Amino acid sequence: METFFSFVNENQDKYVEKLREIVGIRSVSSSANYRPDTIRMGEWLIAELERLGASTKRVEPGTQELEGATVPLPPVVLATYGTDPSKKTVLIYGHYDVQPALLSDGWTHDPFTLTEDEKGRLLGRGASDDKGPVLGWLCTIEAFQKTGLDLPVNIKFCFEGMEESGSVGLDKVIIREASDYFKDVDCVCISDNYWLGTSKPCLTYGLRGVSYFQLSVKGPAKDLHSGVFGGTVHEPMTDLVHLMTRLVDVNGKILIPGIMDQVAELTDQEKQIYKDISFDIQDLRGSLGSETEIYDSAEDLLMHRWRYPSLSLHGIEGAFYSPGEKTVIPANPIGKFSIRTVPNMDSDKVTELVCDYVKSEFKKLGSKNTVDVWCGHAGRPWVSSPNHWNFVAAAKAVETVFGCKPDLTREGGSIPVTLTFEEALHKNVLLLPMGASDDGAHSINEKVDRRNFVEGIKLYGAYFYELAKVAEE
Ligand SMILES: NCC(=O)N[C@@H](Cc1c[nH]cn1)C(=O)O
Ligand SMILES: [Zn+2]
Ligand SMILES: [Zn+2]
């Protein structure tokens, strides 16, 4: 692998330039305005894959109602690189859409202009989640080609542009293609999460699910002057804020009856896992940028990230949020919150419990306004076993590139398609992150460290190499 590693080192500036190009494509899947950019990002990947000699298939998953319009869903990009029957075939999944980002959120520079700082941090929306990792796979193929090394595996790619918005349309494509496009797949690898800390790589075998809710309170036909109408009408925002405070307490305890009853019991065997993991609370504080954690011990913090559900309040649409002092009574604010779900929670049951509870709490208010609550999208939790040869190969690759054994982790975030791959293809799925715990995905000043980006490309190459060698059991 030395030739490969040296080539990657020497060409890293070129890879960073490519990352700059794609961070500049504003592929924000949640926004109708940015839908053409999201589609363009999918097309960029198709062109790049074809330039590398892959055969591609552009799948149109259909349309979507978004912000009052019918818009096309971004394409699912399928690609095949190598069809040698004597080699294993690995399916690589990634997403090319990103979370929204505005300079006014607090970014130190334009979020869609990749900027490298003096610490080698490559800052930009999607740098870590998930454009850096997606690009990394393509750089890996190019490095094998340019060094004249034989790529020791066949690769299938599946890149989507809706991951940050519920992966709409993707499950159907995977289930349809399971016995067709994906029929020769031996294992799956996803690079779309983060190390537990900032220095040691990990392999990940579990994710929480996510159920995203919207809670609308409607009253007057339009926003009102609070001087003229304040004190004389039931204010929707007052009802909504009351309801939102009834969902979760300040210590993160979910207040919706029945939710915790579904959570799998903690066994002695599982407890043991947490004792062996080195998790530095200072690292967590570094990522938080504060010392506001709820629990004192690493075990409790990890358990509450990985194996217990959480409920987060995200925002209120239709309410005044700009600087200044507008005196308005919003007519129809919509609260946003999500529940990270864990084994053995059932998404339909979660939705039923949330909706019944919100409606019963609203009734207690005696308000003349109307309430509506719905689940926008739900992805299931996933936990697998890290003993499969796919993990063994990845662990060896980590040792080759980083000189240490990887942490074995679960993750608090969600990649809903993971379980779909496992169930539809009946193959092992491995999460092999490129980014570090302080990358700030979804936040302001998201970054990937140049080191992680470059070593990540080497890791991908070493993983292909180890996959070819590892015995299937
Ligand atoms: N890197 C994975 C990731 O960020 N996943 C999102 C998925 C999601 C679901 N709804 C909105 N986003 C996550 O928030 O975990
Ligand atoms: Zn992601
Ligand atoms: Zn994300």
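Just so we're clear, the structure is a prediction, and the values are computed from it rather than from any experiment. Atoms within each ligand, like the ligands themselves, are counted from 1 in listed order.
Distances from the Zn ion (ligand 2) under 2.8 Å pick out these protein N/O/S atoms: H95 NE2, D129 OD1, D192 OD1, D192 OD2.
Ring geometry for F337 against F213 counts as parallel: the plane angle stays under 30°, on a 0 to 90° scale with 60° as the upper cut.
Contact shell of ligand 1 (protein heavy atoms, cutoff 4.0 Å): D129, E163, E164, D192, Y194, V210, R340, H377, G413, S414, I415, H442.
When each of L215, I254, I256 is tested with V354 by the rule side-chain contact (heavy atoms from CB on, under 4.5 Å), just one qualifies, namely I256.
Closest to the Zn ion (ligand 3) among the N, O or S atoms of H442 is NE2.
With D129 contributing its side chain and G126 its backbone, the two residues share no donor-acceptor pair below 3.5 Å. Side-chain atoms of D346 come within 3.5 Å of backbone atoms of K349 as a donor-acceptor pair (strictly under, hydrogens ignored).
A salt bridge is absent between K88 and D186: the closest approach of a Lys/Arg side-chain nitrogen to an acidic carboxylate oxygen does not fall below 4.0 angstrom.
Interatomic distance, Y96 OH to F159 CZ, rounded to the nearest 0.5 Å: 10.5 Å.
Scanning both residues, N445 and G106, for their nearest heavy atoms gives ND2-O, 4.0 Å.
By the 6.0 Å and 45° rule, K427 does not stack over the aromatic ring of F421. For K18 and W44, the positive end is not near the middle of the six-membered ring at less than 6.0 Å and at most 45° from its axis.
Within a 6.0 Å radius of NZ in K218, other residues, nucleotides and ligands contribute 12 heavy atoms or fewer.
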